[in-house]
Amino acid sequence: MPAKRQKAGELVAVPADGSLDLGQTLDSGQVFHFETTRLGGIEGWAGCLGADPVFLAPGGEGAILTRARDVPAVRRFFQLDTPLAEIRATFPAADAVLEEAIAHCPGLRILRQPVWECLATFITSSLKQVVHIRRMSLALRRRFGRARRIGGRVVHAYPEPAALAAAGEAALRECGLGYRARGLHRTAEALASGARDLAELEGLDDAAARAWLMEFHGVGEKVANCVLLFGCGRHGAFPIDVWMDRVLRERYFGPRKRKRLTARELQRWAEGHFGPFAGHAQQYLFHFARKTF
DNA sequence: GCTCAGGGTCGAT
DNA sequence: ATCGACCCTGAG
């Protein structure tokens with residue numbers, strides 16, 4: 001069945017379980033393609049889900065006010081069918097650090113983004129601050145993405161692989177990517193040519209999917225885990241970046257163990273300790289670390 | 001102007 | 001396993 005579609009002009013309230021904090025979620029370093037804007041006097045965010053322009057605003061009691069052609073796609077984006085209580089119930093019972101982190105951002109959710117956008121963006125994320133990643137995304141979208149209109153404002157969809165492949169590495173560099181341009185261009189080419197297909201991910205378990213992603217140039221373990229978590233709905237994926245490395249070592253281990261633990265051991269420990277929804281725990285801790293360190 | 005580091009990855013020891 | 005190079009940008 002095709003998704004139910006409505007007139008693009010309507011503003012629809014989508015109820016969300018718990019108290020979703022839209023702004024916090026869109027600004028949590030998972031997604032980099034939304035800009036704050038006003039629509040009909042309402043403060044919110046404009047961007048695209050795939051090719052479709054959407055407007056998003058807080059609707060009270062955790063609901064989302066949205067204008068979108070495909071409202072179910074908005075529900076999928078915020079993973080509203082994954083109940084928050086169920087996720088929290090899987091967390092380790094006596095973890096004061098995690099509890100403290102959740103208290104800092106109880107409205108934070110894990111998104112499920114279009115896989116390609118997520119993969120492309122995290123390839124550009126290496127050694128970059130969130131503000132820089134946002135800027136690269138904007139430059140790429142403005143130059144190579146399709147222009148769409150929502151509420152009198154123009155937004156640019158994330159460019160398709162074919163568009164970036166055709167653009168060439170040098171043009172990507174002009175968007176401020178630096179050495180990341182090579183990885184992004186080669187990945188775009190592999191997908192545009194049909195040599196590789198992101199749909200293959202669906203048939204793989206987490207470990208195999210991670211290995212498959214790491215065959216792209218510019219994708220290591222951390223980026224692969226980000227794609228699994230933020231783009232594939234793989235809730236157990238646990239990306240460890242410099243922030244996570246710091247917060248885990250400092251809050252979960254004594255000074256001696258902290259120094260001896262290898263990155264690999266830390267990764268294993270985290271996946272086991274936080275369980276099947278480890279990725280969600282990761283996002284609370286990441287946000288917590290960014291705010292408090 | 002200069003240094004420094006920022007959601008890492010890759011290739012070489 | 002560990003180590004330096006890698007592009008670019010804003011903050012100090």
Side-chain angles (χ1 to χ4, degrees), chain A residues 24-34 101 104-105 108-111 113 115 117-140 142-143 164 167-188 190 210-232 234 237-251 258-271 274 278-293:
Chain A
Q24 201 164 60
T25 299
L26 292 177
D27 193 35
S28 63
Q30 300 182 60
V31 67
F32 305 88
H33 325 307
F34 285 85
H104 274 257
C105 46
L108 187 57
R109 296 305 148 80
I110 299 287
L111 300 170
Q113 304 171 50
V115 188
E117 298 180 13
C118 191
L119 172 61
T121 305
F122 279 97
I123 285 174
T124 70
S125 75
S126 116
L127 264 315
K128 278 290 183 187
Q129 298 178 339
V130 170
V131 53
H132 293 146
I133 303 167
R134 293 184 62 87
R135 194 163 310 147
M136 289 184 283
S137 163
L138 184 59
L140 289 169
R142 281 223 258 248
R143 185 155 169 189
L164 296 187
E169 182 182 329
L172 302 188
R173 244 165 221 274
E174 288 167 15
C175 295
L177 270 68
Y179 64 82
R180 301 158 194 83
R182 181 170 165 78
L184 181 58
H185 185 246
R186 285 177 60 175
T187 298
R210 180 162 33 246
W212 190 87
L213 283 167
M214 286 171 67
E215 287 172 26
F216 287 106
H217 186 87
V219 180
E221 185 172 21
K222 190 271 176 182
V223 169
N225 278 326
C226 285
V227 176
L228 292 178
L229 181 59
F230 304 136
C232 300
R234 308 269 186 147
F238 196 95
I240 297 183
D241 65 332
V242 292
W243 293 101
M244 285 308 298
D245 189 88
R246 255 185 280 184
V247 72
L248 290 178
R249 285 176 195 275
E250 297 207 5
R251 300 301 298 269
R258 181 182 302 159
K259 287 204 182 72
R260 299 208 62 82
L261 216 51
T262 67
R264 182 140 219 72
E265 289 167 331
L266 191 63
Q267 181 80 46
R268 287 289 167 81
W269 173 83
E271 287 164 6
F274 295 108
H280 294 248
Q282 183 272 353
Q283 198 58 20
Y284 292 121
L285 289 164
F286 173 68
H287 193 269
F288 178 58
R290 272 216 300 167
K291 295 295 166 202
T292 58
F293 270 103

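Proteins come first, then strands; the chains are lettered A, B, ... in the order of their sequence lines, and each starts at number 1.
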Could you work out which one of [options] sits closest to the side chain of [X]?
{"X": "A:H217", "options": "B:dG6, C:dC6, B:dC10", "answer": "B:dC10"}
{"X": "A:H132", "options": "B:dG8, B:dG7, C:dT9", "answer": "C:dT9"}
{"X": "A:V223", "options": "B:dG8, C:dC8, B:dG7", "answer": "B:dG8"}
{"X": "A:F122", "options": "C:dC8, B:dG8, B:dG7", "answer": "B:dG7"}

Distance, rounded to the nearest Å, where [X] contributes [atom1] and [N] contributes [atom2]:
{"X": "A:L177", "N": "C:dT9", "atom1": "CG", "atom2": "C1'", "answer": "12 Å"}
{"X": "A:D245", "N": "B:dG6", "atom1": "CG", "atom2": "C1'", "answer": "15 Å"}
{"X": "A:D241", "N": "B:dT9", "atom1": "CG", "atom2": "P", "answer": "10 Å"}
{"X": "A:F32", "N": "B:dG7", "atom1": "CZ", "atom2": "C1'", "answer": "7 Å"}
{"X": "A:R182", "N": "B:dT9", "atom1": "CZ", "atom2": "P", "answer": "16 Å"}
{"X": "A:L127", "N": "C:dC7", "atom1": "CG", "atom2": "C1'", "answer": "10 Å"}
{"X": "A:R134", "N": "C:dC8", "atom1": "CZ", "atom2": "C1'", "answer": "19 Å"}
{"X": "A:H185", "N": "C:dC7", "atom1": "NE2", "atom2": "P", "answer": "16 Å"}

Nearest heavy atom decides the nucleotide; on that basis, is A:R180 or A:Q129 closer to the 5' end of DNA chain C?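 Going by which nucleotide is closer to the 5' end, it is A:R180.
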
Nearest-angstrom distance, [atom1] atom, [N] to [M]:
{"N": "B:dG1", "M": "C:dT9", "atom1": "C1'", "value": "15 Å"}
{"N": "B:dA12", "M": "C:dC7", "atom1": "P", "value": "15 Å"}
{"N": "C:dC3", "M": "B:dG7", "atom1": "P", "value": "22 Å"}

Would you say C:dG10 has OP1 or OP2 under 4.0 Å from some side-chain N or O of A:R135?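 It does, given that an N or O in the side chain of A:R135 lies less than 4.0 Å from OP1 or OP2 of C:dG10.
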
I'd like to know whether the aromatic ring centres of A:F32 and A:F122 sit less than 6.0 Å apart in this structure.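 Aromatic pair counts; centres sit under 6.0 Å.
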
Tell me what [X] touches on the nucleic acid: a base, only sugar-phosphate, or nothing, going by heavy atoms under 4.0 Å.
{"X": "A:G178", "value": "base"}
{"X": "A:Q282", "value": "base"}
{"X": "A:V131", "value": "nothing"}
{"X": "A:E265", "value": "nothing"}
{"X": "A:S28", "value": "base"}

Counterpart base for B:dG7, defined by Watson-Crick or G-U wobble contacts under 3.5 Å: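 Answer to the pairing question: none, since B:dG7 forms no Watson-Crick or G-U pair.
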
Who does C:dC7 pair with, Watson-Crick or G-U, both distances under 3.5 Å?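 Base partner found: none.
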
Hey, which of these two, A:F216 or A:V31, hits DNA chain B nearer its 5' end, going by closest nucleotide?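 On the 5' side of the pair lies A:V31.
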
Is the aromatic ring of A:W243 within stacking range of B:dG7, meaning centres under 5.5 angstrom and planes under 30 degrees?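 The ring of A:W243 is not stacked on B:dG7.
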
Which distance, rounded to the nearest 0.5 Å, do you find between the CG of A:L285 and the CZ of A:F274?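 The CG atom of A:L285 sits 5.0 Å away from the CZ atom of A:F274.
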
Rounded at 0.5 Å granularity, tell me how far CG in A:L229 sits from CZ in A:R234.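 A:L229 atom CG to A:R234 atom CZ measures 11.5 Å (nearest 0.5 Å).
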
Thinking salt bridges, do A:E174 and A:R143 make one under a 4.0 Å N-O criterion?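 Between A:R143 and A:E174 there is a salt bridge, with a charged N closer than 4.0 Å to a carboxylate O.
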
Does A:T121 reach the main-chain N or O of A:C118 with its side chain, forming a donor-acceptor pair under 3.5 Å?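 The answer is no, because no donor-acceptor pair under 3.5 Å joins these two groups.
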
A:H33 and A:S137: side-chain hydrogen bond (donor to acceptor under 3.5 Å, both in side chains), yes or no, with the steps? CA-CA 6 Å; A:H33 325 307; A:S137 163; 2.7 Å; yes

